[in-house]
Amino acid sequence: MKQFSKELLVRPGSRIKLDDLDASDTHGISKAAAVAQLAKNLDRLRVLQYLLYAEGQRSVLVVLQGIDAAGKDGTVQHVMSGLNPQGVRVTPFKVPEGAEKRHDYLWRVHHAVPEFGQIGIFNRSHYEDVLVVRVHSLVPKSVWSKRYGQINDFEHMLTDNRTRIVKFLLYIDKEEQAKRFRERIEDRAKNWKFSLADLKEREYWDQYIDAYEDMLRKCSKPSAPWYVIPANHKWFRNLAVSQILCEELEAMSLKYPKPVADLSGIKFE
Ligand code: AMP
Ligand code: MG
């Protein structure tokens, strides 16, 4: 199986043109092979999570971003559902309200960073503050444009303090979004997922693409990389995300802690 942590990585400083990417790309892998490999990856992830928990010294923060209907919720459901709930915390980031609005934009984010031993998953994240906030001019450019550097500093502080950060942009194209919106309108079980605001956001597609491209160029770092996942095919998206997570966790060389005492001489009657 391919090393997706190399293939789908946004190399620090590189400029990605999302229009040039094929959101339906499956890297030559068949659906049957992907489904089989996903099952293996989920088994590997369970073992790696157990090690992370046992070691208890470091944490992993997974950031999910993507346009409406890109599959953020589906990724949480299909890739993370095999993990032990005791070691995982999913945090969705919505429009700031209450105390969130009365603090700087990173305040609520820092609160949700996983504790050592845990995997934290951000469903949307602090990147909304250079995405939706930029697209709709919710703050002036002089304010949002400084945030790329602030976010890099914040993430650097976290990675220096034993939190590994792995960021995924789930990339679907405009036709795929239309198809998924149509399903949400036609399928009674999916109606609840549809909002008129999503249609309004679709009109800003090009501005979102510009904002994503700047985010990828300015904020993919060796210690907190961005990966762009071709996400038109959900089975490929699940395969690629699970595979990269395995590769990232394996690169941490997780180890069981030393036993608290010499256990060899202990006997029970
Ligand atoms: P959903 O993920 O579909 O539940 O929608 C959450 C909504 O919250 C999206 O429309 C996001 O753009 C919005 N949102 C998340 N974070 C922020 C933020 N910092 N400022 C403004 N809107 C946000
Ligand atoms: Mg939505």
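Atoms within each ligand, like the ligands themselves, are counted from 1 in listed order.
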A.B. asks: In the protein, what heavy atom is nearest to atom 12 (O) of ligand 1, and what distance, to one decimal place, separates them?
C.D. replies: Glu128 OE1, 3.1 Å
A.B. asks: With heavy atoms under 4.0 Å as the rule, classify the contact between Lys94 and ligand 1 as side chain, backbone, both or neither.
C.D. replies: both
A.B. asks: Sort out for me which residue in Gln150, His126, Arg147 forms a side-chain hydrogen bond (donor to acceptor under 3.5 Å, both in side chains) with Tyr105.
C.D. replies: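 The residue from Gln150, His126, Arg147 that satisfies side-chain hydrogen bond (donor to acceptor under 3.5 Å, both in side chains) with Tyr105 turns out to be Gln150.
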A.B. asks: Would you mind checking which non-hydrogen protein atom is closest to atom 8 (O) of ligand 1, with the distance to 0.1 Å?
C.D. replies: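 Atom 8 (O) of ligand 1 sits closest to the protein heavy atom Val95 N, 3.2 Å.
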A.B. asks: Does a side-chain N-to-carboxylate-O contact under 4.0 Å join Asp43 and Arg46?
C.D. replies: yes
A.B. asks: Among Arg124, His126, Arg108, Glu100, whose heavy atom sits nearest atom 16 (N) of ligand 1?
C.D. replies: Arg108
A.B. asks: Below 4.0 angstrom from a heavy atom of Phe93, which ligand 1 atoms are there? Numbered from 1 as shown, please.
C.D. replies: 15 (C)
A.B. asks: If you measure from each non-hydrogen atom of Leu131 to ligand 1, which part falls under 4.0 Å: side chain, backbone, both or neither?
C.D. replies: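 For Leu131, there is no contact with ligand 1 at all, from either part.
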A.B. asks: State, without any angle test, whether Asn41 and Gln37 hold a side-chain donor-acceptor pair at a distance under 3.5 Å.
C.D. replies: yes
A.B. asks: Evaluating non-hydrogen atoms only, which member of Gly66, Pro92, Ala69, Pro96 is closest to atom 18 (C) of ligand 1?
C.D. replies: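 Comparing heavy atoms across Gly66, Pro92, Ala69, Pro96, the nearest one to atom 18 (C) of ligand 1 lies in Pro96.
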A.B. asks: Can you name the atoms of ligand 1, numbered from 1 with element, that are less than 4.0 Å from a heavy atom of Val133?
C.D. replies: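 This gives 20 (N) as the contact atoms.
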A.B. asks: Any Lys/Arg nitrogen of Glu176 or Arg180 sitting under 4.0 Å from an Asp/Glu carboxylate oxygen of the other?
C.D. replies: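 Yes, charged N to carboxylate O under 4.0 Å.
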A.B. asks: Among Lys218, Lys221, Lys167, Arg164, exactly one meets salt bridge (charged side-chain N to carboxylate O under 4.0 Å, His left out) together with Glu155. Which residue is that?
C.D. replies: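 When salt bridge (charged side-chain N to carboxylate O under 4.0 Å, His left out) is applied between Glu155 and each of Lys218, Lys221, Lys167, Arg164, only Lys167 qualifies.
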A.B. asks: Checking side-chain polar atoms at under 3.5 Å, does Gln177 have a donor or acceptor matched by the opposite partner on Arg202?
C.D. replies: yes
A.B. asks: Using a heavy-atom cut-off of under 4.0 Å, does the side chain or the backbone of Val132 touch ligand 1, or both, or neither?
C.D. replies: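 The side chain, only.
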A.B. asks: Looking at Phe93 versus Tyr127, is the centre-to-centre ring distance below 6.0 Å?
C.D. replies: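 Centroid distance Phe93-Tyr127: not below 6.0 Å, so no.
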A.B. asks: With atoms numbered from 1 as shown, which atoms in ligand 1 lie under 4.0 angstrom from a non-hydrogen atom of Asp129?
C.D. replies: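 Near Asp129, the atoms of ligand 1 are 19 (N).
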